[in-house]
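Below is one structure, written out as structure tokens; the observations come after it.
Here is the naming used below: chain letters follow the sequence lines, and residue numbers restart at 1 for every chain. Both backbone and side-chain heavy atoms feed into the values below; hydrogens, waters and symmetry mates do not.
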2 protein chains.
Amino acid sequence: MHQGGQEPDWLDEDEMQAWMALVRLLVRLPSALDAQLRRDASITHFEYQVLAQLSMAEGHTMRMSDLAQLADGSLSRLSHTATRLEKRGWISRATDPEDGRYTIATLTKSGMTKMVATAPGHVAAVREHVFEPLTTRQVQQLAAIANRIVGSIDSDTGPA
Amino acid sequence: MHQGGQEPDWLDEDEMQAWMALVRLLVRLPSALDAQLRRDASITHFEYQVLAQLSMAEGHTMRMSDLAQLADGSLSRLSHTATRLEKRGWISRATDPEDGRYTIATLTKSGMTKMVATAPGHVAAVREHVFEPLTTRQVQQLAAIANRIVGSIDSDTGPA
DNA sequence: CTCTACAACTTGAACGTTCAAGTCATTCCC
DNA sequence: GGGAATGACTTGAACGTTCAAGTTGTAGAG
């Protein structure tokens with residue numbers, strides 16, 4: 001808010017250009033990736049993330065709260081999403097026998113099949129729009145930049 | 001399974017790390033900026049973009065279709081948004097007298113006041129989360145990277 | 001052992017976006 | 001000049017996310 005140095009009220013020309021480019025990226029890339037998943041798999045990017053995290057977990061099982069964090073979403077959002085995924089038969093939920101407060105989500109066999117069918121197309125889209133247009137060096141730069149920005153947001157609000 | 005040619009099926013470790021960092025950025029930065037605008041100005045980021053574009057236009061006036069493109073949204077989305085902004089008294093719409101197919105949106109005096117009150121806080125948030133955590137060099141890199149990725153998306157779908 | 005506090009969900013309503021029509025004005029072509 | 005084609009919106013319903021309760025389960029204090 002008030003770093004010691006100078007904080008002009010507006011952005012200079014270079015900053016403005018970078019900012020507009022970033023806004024376009026923030027709008028277009030998510031919508032392009034969402035569009036591919038909706039078109040080819042009738043699934044949301046967030047739903048994909050949920051299924052993907054489960055498919056990578058031990059026993060294809062995870063607590064809802066851990067899953068929410070890994071998939072970058074609120075618990076409420078995950079709960080609604082889980083309801084939908086359950087209706088489609090891709091996951092199931094059960095109370096954690098070791099602690100009744102937790103709910104454990106499990107990827108079903110059908111859900112795993114869905115992932116196997118969906119992942120290659122999605123990875124291809126990511127590759128096409130992110131890794132193909134960039135040099136190896138730019139990919140490293142991007143990772144560093146993204147981590148820096150997210151770090152700044154985390155230190156502002158809940159770092160958890 | 002992979003290594004066949006230039007397109008392996010999965011991402012290697014560096015790519016995976018970069019990809020996860022990017023996804024986090026794509027989720028967290030928009031929501032952080034939206035949150036600031038909602039909290040301090042009861043306005044959406046898209047609504048802000050619309051008002052900002054109008055405030056920068058000649059005569060604070062623009063065709064809906066041009067506005068939709070500059071604000072990176074569909075015409076339908078802009079139309080709904082315009083209805084809301086009109087109800088709040090920040091813009092007005094009128095048929096283009098030179099061509100009845102177009103609709104011209106104009107920022108009202110009250111809308112300009114809103115912008116003047118809202119912009120500094122939003123710019124501060126952008127500065128805090130984007131420019132402060134990055135070096136000048138990283139800002140340049142980010143702009144180049146964003147343009148590359150958006151270019152790839154544009155060349156795939158509608159370049160317009 | 002009960003009472004309070006808290007954490008992990010779940011739910012329903014409100015909100016914004018998308019999608020698929022639908023309306024209206026202009027242009028093109030015969 | 002009439003009729004199809006095109007482009008610029010607008011509208012309403014469906015969908016997903018957020019926000020504000022509400023429920024349930026456990027731990028901790030007394």
Side-chain angles (χ1 to χ4, degrees), chain A residues 26-28 30-39 41-51 62-88 91-106 157-158 160, chain B residues 26-28 30-39 41-51 62-88 91-106 157-158 160:
Chain A
L26 259 29
V27 170
R28 293 260 178 87
S31 93
L33 295 172
D34 246 61
Q36 181 270 323
L37 284 171
R38 283 197 138 96
R39 179 167 39 79
S42 300
I43 219 180
T44 292
H45 185 255
F46 183 68
E47 290 173 337
Y48 178 87
Q49 269 187 298
V50 169
L51 294 179
M62 217 180 293
R63 287 178 173 173
M64 290 286 280
S65 38
D66 294 343
L67 193 47
Q69 280 208 296
L70 280 178
D72 270 315
S74 67
L75 201 43
S76 168
R77 184 184 186 182
L78 176 60
S79 185
H80 284 296
T81 300
T83 302
R84 263 175 278 136
L85 294 177
E86 219 171 14
K87 270 181 189 141
R88 300 226 242 170
I91 71 168
S92 63
R93 277 181 290 185
T95 302
D96 186 339
E98 293 177 11
D99 186 336
R101 286 170 298 185
Y102 292 95
T103 299
I104 286 179
T106 305
T157 56
Chain B
L26 259 30
V27 169
R28 294 259 178 87
S31 93
L33 296 172
D34 246 61
Q36 182 270 323
L37 284 171
R38 283 198 138 96
R39 179 167 40 79
S42 299
I43 220 181
T44 292
H45 185 256
F46 184 68
E47 290 172 338
Y48 178 86
Q49 270 187 298
V50 169
L51 295 180
M62 217 180 293
R63 285 179 175 172
M64 290 287 280
S65 38
D66 295 343
L67 194 47
Q69 281 209 295
L70 280 179
D72 269 315
S74 67
L75 201 44
S76 168
R77 183 184 187 182
L78 176 60
S79 185
H80 284 296
T81 299
T83 301
R84 264 175 277 136
L85 294 177
E86 220 171 14
K87 271 181 190 143
R88 300 227 242 170
I91 72 166
S92 62
R93 277 181 290 186
T95 303
D96 186 339
E98 293 178 10
D99 186 334
R101 284 170 300 186
Y102 292 95
T103 299
I104 286 180
T106 304
T157 55

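In this structure, A:R63 does not reach the C:dC9 phosphate: none of its side-chain N or O atoms is under 4.0 Å from OP1 or OP2. A close approach under 4.0 Å does not occur between any side-chain nitrogen or oxygen of A:T103 and OP1 or OP2 of C:dA8. Considering only side-chain N and O atoms, B:S65 lies under 4.0 angstrom from the phosphate OP1 or OP2 of D:dC9.
Atom CG in A:L75 sits roughly 18 Å away from atom P in D:dG22 (whole-Å rounding). Distance B:D66 CG to D:dG7 C1': 13 Å, rounded to the nearest Å. Rounded to whole Å, the distance from OH on A:Y102 to C1' on C:dT10 is 17 Å. The separation between B:D96 atom CG and D:dG7 atom P is 18 Å, rounded to whole Å. For the pair B:R93 CZ and C:dC24 C1', the interatomic distance rounds to 15 Å; values are reported in whole Å. Between the C1' atom of D:dA27 and the CZ atom of A:R101 lies a distance of 7 Å, rounded to the nearest Å. Per the geometry, CG belonging to A:L67 stands 14 Å off P belonging to C:dA8, to the nearest Å.
Screening residues 91-102 of chain A for salt bridge (charged side-chain N to carboxylate O under 4.0 Å, His left out), with sequence neighbours left out, gives A:R63-A:D96, A:E86-A:R93, A:D99-A:R101.
Nearest heavy-atom pair, A:L37 versus A:Y48, reported as atom, atom and distance to 0.1 Å: CD1-CB, 3.8 Å. Closest approach of B:R77 and B:D72 over heavy atoms only: NH1-O, 4.2 Å.
If you take CG on A:L26 and CG on B:L26, they are separated by 6.0 Å, rounding to the nearest 0.5 Å. Considering CG of A:L78 and CG of A:L85, their distance stands at 8.5 Å, rounded to 0.5 Å. Here the straight-line distance linking atom OG1 of A:T44 with atom CG of A:D34 works out to 6.0 Å at 0.5 Å rounding.
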Pairs: protein N or O with nucleotides 14-18 of chain C N or O, under 3.5 Å:
unit_1: C:dT17; atom_1: OP1; unit_2: B:R77; atom_2: NE; d: 3.3
unit_1: C:dT17; atom_1: OP1; unit_2: B:R77; atom_2: NH2; d: 2.9
unit_1: C:dT17; atom_1: OP2; unit_2: B:R84; atom_2: NH2; d: 3.1
unit_1: C:dT18; atom_1: O4; unit_2: B:H80; atom_2: NE2; d: 3.1

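The only option from A:R88, A:K87, A:H80 that meets the side-chain contact (heavy atoms from CB on, under 4.5 Å) definition with A:R84 turns out to be A:H80.
Nearest-nucleotide positions on DNA chain D for A:G100 and B:S79 put B:S79 closer to the 5' end.
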